[in-house]
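Structure first, commentary second.
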There are 2 protein chains.
Amino acid sequence: MLESTGRGRRGRRRILSEDEILDAALTLVDEGGPSAASVRGIAARVGVAPNAVYTYFPDKAAVFSALVERLLGDVNHDVFADRTQPWRRRVESLALELRQQLAAHPGAVPLLISSPMNGPHALALNERVLELLTDAGLDSADAARASYLLIAYVFGSIALEIAGVDKPGSLPPETERIAGRHRALSTALADRYPLSAAAAATVAGYISTEQYLWGLHRLLDGIITTSPHVPDSR
Amino acid sequence: MLESTGRGRRGRRRILSEDEILDAALTLVDEGGPSAASVRGIAARVGVAPNAVYTYFPDKAAVFSALVERLLGDVNHDVFADRTQPWRRRVESLALELRQQLAAHPGAVPLLISSPMNGPHALALNERVLELLTDAGLDSADAARASYLLIAYVFGSIALEIAGVDKPGSLPPETERIAGRHRALSTALADRYPLSAAAAATVAGYISTEQYLWGLHRLLDGIITTSPHVPDSR
DNA sequence: ACCTGAACACCGTTCAAGT
DNA sequence: ACCTGAACACCGTTCAAGT
């Protein structure tokens, strides 16, 4: 990727960039999920032969992991990084921004869920979460475990949300998603799974984002219980 | 699937069963993840022509979702279902059994993560979690949100664990996985991501199961804070 | 150095035909 | 009713060739 920049160029000039390829890949992923983003499809979209893609990325997996990195990099960190804010607000902001970014690209969620989280943006994110939890007053051991808990919850709930959708495409609006879940459960299953049906009905009274935040704050409550002297900052 | 059983049979007899196909699919998934379990590969493994599979399942997606259902059905519910046990122990047991089942089939985790959770076993599981939380003293609204939180955490942490592995195959033993994470972070990145490196070192002092349980119990602590009169049962 | 056409070894799925 | 061979429309990736 880098070694061609500095040297004296010879031969043909590059006709496109890594970013243009990622743009094409993201469009296809948005439209139909990972399976819809074939190397051939990407190449067609940017107007080159399929094998030209291999000049920019070693293989398809590299395209996908670069795409995941870019999506993580586009998450808004403003409030999260602001150390003058109360820490609960900072965590909440990050959780919401991450969720929003993934909700904007539901087709990419399967990629994110199963990606190794070892790119620079992923590591930077983890680093900042640890920083924040240390700021909040946790010792380094608790901060490490708490950040794991936090990230697992955020990713898990996003995965659950996407999994309910029939097929990639775009995520229907919250109200429709809730109605759908309600419908699916209450139609014929209420007698077999009464509690689940009741739960769906209850949850339908709240918008899903509130449920997400409820879980987040219960989780933060739990983290605080181990370090009783952490100021709550609520 | 069912309609052929009751009628008078005519024509050729079935040469295999849905279960045999799922066995073959699971073997391939265990060996190389979802992408290694092709319809053609499954057919070859049970000794039929590729298209014979379509007599048993309408398409490949149906094979995968039946496989997910079976894996969920094989989770041990004994302690979890035992209402004489303290509720914390019951939740812990379920969380550990689920984790163990998925750790035994890491290649299947991507399937589980992105599956809609609408099969009978998935619903039954959700139903029992709600039952348990209600038993514990939560009202139905809190039980609904708490079960969502719980399930999101379990799935998310399992996803994170699997995502770190280079390629499907079998999950290396915990000690090796921890060492690997430690190595990956501390090698050259310690100066750029000091907190992450320190966190990896700290966590390496614990086995990963303990970290998982730590998160689970913090989460339960947090759930309790909303319903102050729930007996803790620890 | 980058791009191309052609090829290789695969896919999931369908269809007409056999028993 | 179930299974088969053959085919269709795809894949990701490689390789030799052009500029």
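What you see is a predicted model, and the numbers here were worked out from it, not measured in a lab. Note: hydrogens, waters and symmetry copies are ignored here, and every other heavy atom, side chains too, is used. Letters A, B, ... are given to chains in the order of the sequence lines, protein chains preceding strands, and every chain is numbered from 1.
Distance CZ (A:Arg13) to P (C:dC3): 11 Å, rounded to an integer number of Å. One interatomic measurement links the two molecules: CD of A:Glu18 to P of C:dA1, which rounds to 16 Å at whole-angstrom precision.
Across A:Asp30, A:Leu28, A:Leu22, a single residue satisfies side chain to side chain contact (heavy atoms under 4.5 Å, CB included) together with A:Leu26, and that is A:Asp30.
Using modelled atom types, no side-chain atom of B:Glu97 and backbone atom of B:His77 make a donor-acceptor pair closer than 3.5 Å. For A:Gln101 (side chain) and A:Asp74 (main-chain N/O), no donor-acceptor pair under 3.5 Å exists by modelled atom type.
For B:Val48, counting side-chain heavy atoms from C-beta on, the closest listed nucleotide (D:dC2, D:dT4, C:dC3) is D:dT4. Side-chain atoms of A:Arg14 lie closest to C:dC2 of the nucleotides D:dT4, C:dC2, D:dC2.
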Produce the list of close N/O pairs, under 3.5 Å, pairing protein atoms with atoms of nucleotides 12-16 of chain C; give distances to one decimal.
residue : atom : partner : partner atom : Å
C:dG12  : OP1  : B:Val39 : N            : 3.0
C:dG12  : OP1  : B:Lys60 : NZ           : 3.0
C:dG12  : OP2  : B:Val39 : N            : 2.9
C:dG12  : OP2  : B:Arg40 : N            : 3.3
C:dG12  : N7   : B:Arg40 : NH1          : 2.5
C:dG12  : O6   : B:Arg40 : NH1          : 2.9
C:dT13  : OP2  : B:Tyr54 : OH           : 2.6
C:dT13  : OP2  : B:Lys60 : N            : 3.0
C:dT13  : O5'  : B:Tyr54 : OH           : 3.2
C:dT14  : O4   : B:Asn51 : ND2          : 3.3
C:dC15  : N4   : B:Asn51 : ND2          : 3.3

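Shown here are the ring pair (Phe, Tyr, Trp, His ring centres under 6.0 Å) partners of B:Tyr153, two or more places apart in sequence or in another chain: B:Tyr212.
In this structure, C:dC8 forms a base pair with D:dG12, meeting either the Watson-Crick or the G-U wobble geometry with both donor-acceptor distances under 3.5 Å. Under the Watson-Crick and G-U wobble criteria, each requiring two contacts below 3.5 Å, nucleotide D:dA17 is left unpaired.
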Does the pair A:Arg99 and A:Thr209 meet the rule for a side chain to side chain donor-acceptor pair (under 3.5 Å), with working shown? CA-CA 9 Å; A:Arg99 181 180 140 98; A:Thr209 302; 3.0 Å; yes
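Salt bridge status for A:Arg70 with A:Asp19: present, with a side-chain N to carboxylate O gap under 4.0 Å.
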